[in-house]
Amino acid sequence: MADKKKKQQKLKARLPRGFTDRSPADIRATDQMVGEIRKVFERYGFDPVETPMFEYTDGLGKFLPDQDRPNEGVFSLQDDDEQWMSLRYDLTAPLARHVAENINEIQLPYRTYRAGWVFRNEKPGPGRFRQFMQFDADTVGAPGVQADAEMCMMMADTMEALGIARGDYVIRVNNRKVLDGVMEAIGLDGEENAGRRLTVLRAIDKLDRLAIEGVRQLLGEGRKDESGDFTPGAGLSATAIDQILNYTGWGESGSGASGVGGGITIDNMRRSFPDAEHVKKGCDELELIWQMAQASGYDNDRIKIDPSVVRGLEYYTGPVYEAELLFDVTNEKGETVQFGSVGGGGRYDGLVKRFTGQDVPATGFSIGVSRLMTALKNLGKFGQEDVVAPVLVTVMDGDTEAMGRYQKFAQDLRNAGVRAEMYQGNWKKFGNQLKYADRRGCPLAIIQGSDEREKGIVQIKDLIEGKRLSGEIADNVTWRESRPAQVEVAEADIVPEIVRMLGEQAEDRAKGG
RNA sequence: GCGGGCGUAGCUCAGUUGGUUAGAGCGCUGGAUUGUGGCUCCAGAGGUCGGUGGUUCAAAUCCACCCGCUCGUACCA
């Protein structure tokens, strides 16, 4: 009875939903990738700065926790002085706080970057976690669209630095001012239409996935999907729907997301709403960005004007941009998936002003590191380089003197730059030591029992060669007694011999793979 | 959030129209082998059958609700 109770109280080891443990391979691959991104940002003259993962909730923006649902969307808790704190959900709002708080010390324009974990309290899915890494770059205190153009070019350079070929990605650019003008033109301006504006913008954002008919439904009465779920539409008039679909130019030759982009697209946008002031202004800005990109050699295949880009619906005030992957990505099940956006950003002229009252225009973007990693793993760009497991120094005798000698073998190898370790488990079961080495993928093992010690030598066992030989030996006694793939080496020659053998193994790997 | 599918050992799964003590493979631990990985053989540990409640003489099996996973959809600052 007591026993049974004890069993029932056994804790179940389980990871919180939407979080994940990271493997050595994943950590190494991500470090490598983050390093490549950092190099690009440094080259553009950006400097790192880091902010903490927690911020006071009101500083993060719209998520003021209420009594009923204090954790909706964002992870929040109350400090001991009752103030609400939240885990950041992006890196932009905390940067705005940092700039506002240090505005007197910071030389504007301020060019800065940072990588870090962000948290969102939402339903997780495959490839979507509640903690993930973003890599951010921002220029704060830069009012002109040349800063936005630079951001787009830097995104393009980053994609290529990560090994994504030209043509396998595209930076799509739009302008919130244009979208605002469109809303105005179809009579959706004003506070009372805020909800419908959101519905319209969301519908436009879905052009690439639902195509023109789905979007038409969402702009009108609504749309029913295969599972029978109904999404209410914006309820626009047929005229307004046509105007919007014409504006996006979707499917028309020479314009839109599937067309040439650039100047032709901008002309098309202008023509759709010739009298709308905001559309005109936004188009002028887009034209500038496009021309600057062209002048620097970034043609339509890399930086493209695309009227269906909407991006974050809250704080963007001007140009918005998005990096999209165009190559096929295969998931674990072997299915080809549409990968879509791996990063994006835009101009946020009002964020710092919330704190300072002064205009501090800014623009920036973030790259979804974890998401992009998934796609790049697919391309075989990262996480392929094998880290060789350490050389194992096995333990035959447990007395202090012998242990000291084993430690020294390991230390000598480390000093020569070779990964090495002394076996730290129960040394009395020698078989387990080699089993351990085998499972870990150790390339070599050093063995010294009393016989070898008397002669001042060690055995170096080539575990990789031995594994190969094991296929040819069926009998266990022979296998044990033949001691396959082992050489005797004088103690003084351990380091050079190990280095030589590791070199040979590396050559074999290079040939084989 | 809405709708569908699924939930049995650490893992992958079997378990008949409800019927004795819930099984297999792999993995794990010990041994054959005080000093050599693999192969083979022997032995062993490991289960609230996702949870709770109900129907029944009897539930892993049928029903309800809940939880979790998963697919689609919505949301995603």
Side-chain angles (χ1 to χ4, degrees), chain A residues 4-5 7-10 12-18 60-63 69 72-74 86 88-94 96 118-126 128-130 132 134 198-199 202-203 205-206 209-210 214 218 222-232 310-316 333 335 341 344-346 348 351 366 368 392 394-398 427-442 445-453 459 461-486:
Chain A
K4 197 163 191 187
K5 248 186 182 158
K7 262 184 194 169
Q8 284 178 349
Q9 284 167 357
K10 190 169 61 180
K12 186 160 213 152
R14 57 204 185 107
L15 205 51
R17 219 156 71 87
L60 284 181
K62 65 170 190 172
F63 282 99
R69 313 167 85 182
E72 182 70 6
V74 58
S86 298
R88 62 188 179 193
Y89 52 78
D90 68 12
L91 298 175
T92 309
V118 301
F119 303 82
R120 293 188 188 176
N121 193 0
E122 294 166 346
K123 186 175 121 184
R128 283 192 58 175
F129 297 96
R130 290 152 96 195
F132 54 98
Q134 288 192 335
L198 276 183
T199 309
R202 283 171 188 157
D205 201 28
K206 288 188 177 64
R209 196 159 50 85
L210 298 181
L218 284 174
R223 173 176 178 271
K224 194 175 198 164
D225 62 58
E226 309 97 69
S227 74
D229 197 19
F230 182 75
T231 312
V310 176
R311 291 300 300 170
L313 303 163
E314 291 304 315
Y315 50 63
Y316 291 123
K333 294 171 194 161
E335 303 159 339
S341 166
Y348 52 98
L351 260 192
S366 69
L392 182 73
T394 60
V395 176
M396 282 284 195
D397 299 304
W427 61 270
K428 286 177 183 169
K429 296 195 187 304
F430 188 72
N432 284 349
Q433 300 195 37
L434 288 183
K435 200 166 161 185
Y436 167 85
D438 190 41
R439 292 263 175 100
R440 268 207 81 165
C442 293
I446 294 176
I447 303 167
Q448 186 186 58
S450 53
D451 297 348
E452 289 86 1
R453 186 165 65 253
Q459 310 265 359
K461 191 177 186 69
D462 185 332
L463 290 157
I464 293 166
E465 178 66 4
K467 190 178 216 122
R468 201 179 60 72
L469 292 175
S470 77
E472 298 160 13
I473 303 172
D475 170 52
N476 189 243
V477 176
T478 313
W479 165 245
R480 289 159 66 106
E481 286 175 357
S482 70
R483 297 185 175 180
Q486 257 177 246

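Just so we're on the same page: letters track the sequence lines, and every chain starts at 1. These numbers come from the heavy atoms of this one structure, side chains and all, not from hydrogens, waters or symmetry mates.
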The side chain of A/Glu452 lies closest to which of these nucleotides: B/C28, B/G35, B/C75? B/G35
Between A/Arg439 and A/Glu481, which residue's closest nucleotide on RNA chain B lies nearer the 5′ terminus? A/Arg439
State the pairing partner of B/U73; accept Watson-Crick or G-U wobble contacts with both distances under 3.5 Å, and report none otherwise. B/G1
Taking a pair to mean Watson-Crick or G-U wobble geometry with both distances below 3.5 Å, B/C11 pairs with B/G25
How would you label the contact of A/Gln486 with the nucleic acid (heavy atoms, under 4.0 Å): base, sugar-phosphate, or nothing? base
The Watson-Crick or G-U wobble partner of B/G30, with both key distances under 3.5 Å, is B/C42
Reckon A/Arg128 touches a base, only the sugar-phosphate, or nothing at all at heavy-atom distances under 4.0 Å? base
Is A/Arg209 close enough to B/G72 that one of its side-chain N or O atoms is under 4.0 Å from OP1 or OP2 there? no
Does B/U20 have a Watson-Crick or wobble mate here (both distances under 3.5 Å), and if so which one? none
Report which part of the nucleic acid A/Asn432 touches: base, sugar-phosphate, or nothing (heavy-atom distance under 4.0 Å, all strands). nothing
Assigned partner base of B/G47, Watson-Crick or wobble definition, under 3.5 Å: none
Among B/G35, B/G30, B/G38, the one nearest any side-chain atom of A/Asn476 is B/G38
If you take atom types as modelled and just measure distance, does the side chain of A/Arg202 reach the base of B/C75 with a donor-acceptor pair under 3.5 Å? no
Determine the contact category for A/Thr394: base if any of its heavy atoms lies under 4.0 Å from a base atom, sugar-phosphate if only primed atoms, P, OP1 or OP2 are that close, otherwise nothing. nothing
Whole angstrom is fine here: how far is it from NZ in A/Lys123 over to C1' in B/U70? 10 Å
Pairing nucleotide - B/G68, Watson-Crick or G-U, each distance under 3.5 Å: B/C6
Which whole-number value in Å describes the distance from A/Asp462 CG to B/G38 P? 17 Å
Between A/Asp90 and A/Gln459, just flag the one whose closest nucleotide in RNA chain B comes earlier from the 5' side. A/Gln459
Students often get this wrong, so: under 4.0 angstrom with heavy atoms, is A/Lys467 touching a base, only sugar-phosphate, or nothing? base
Taking CG from A/Asp397 and P from B/U36, how many angstroms apart are they, rounded to a whole number? 14 Å
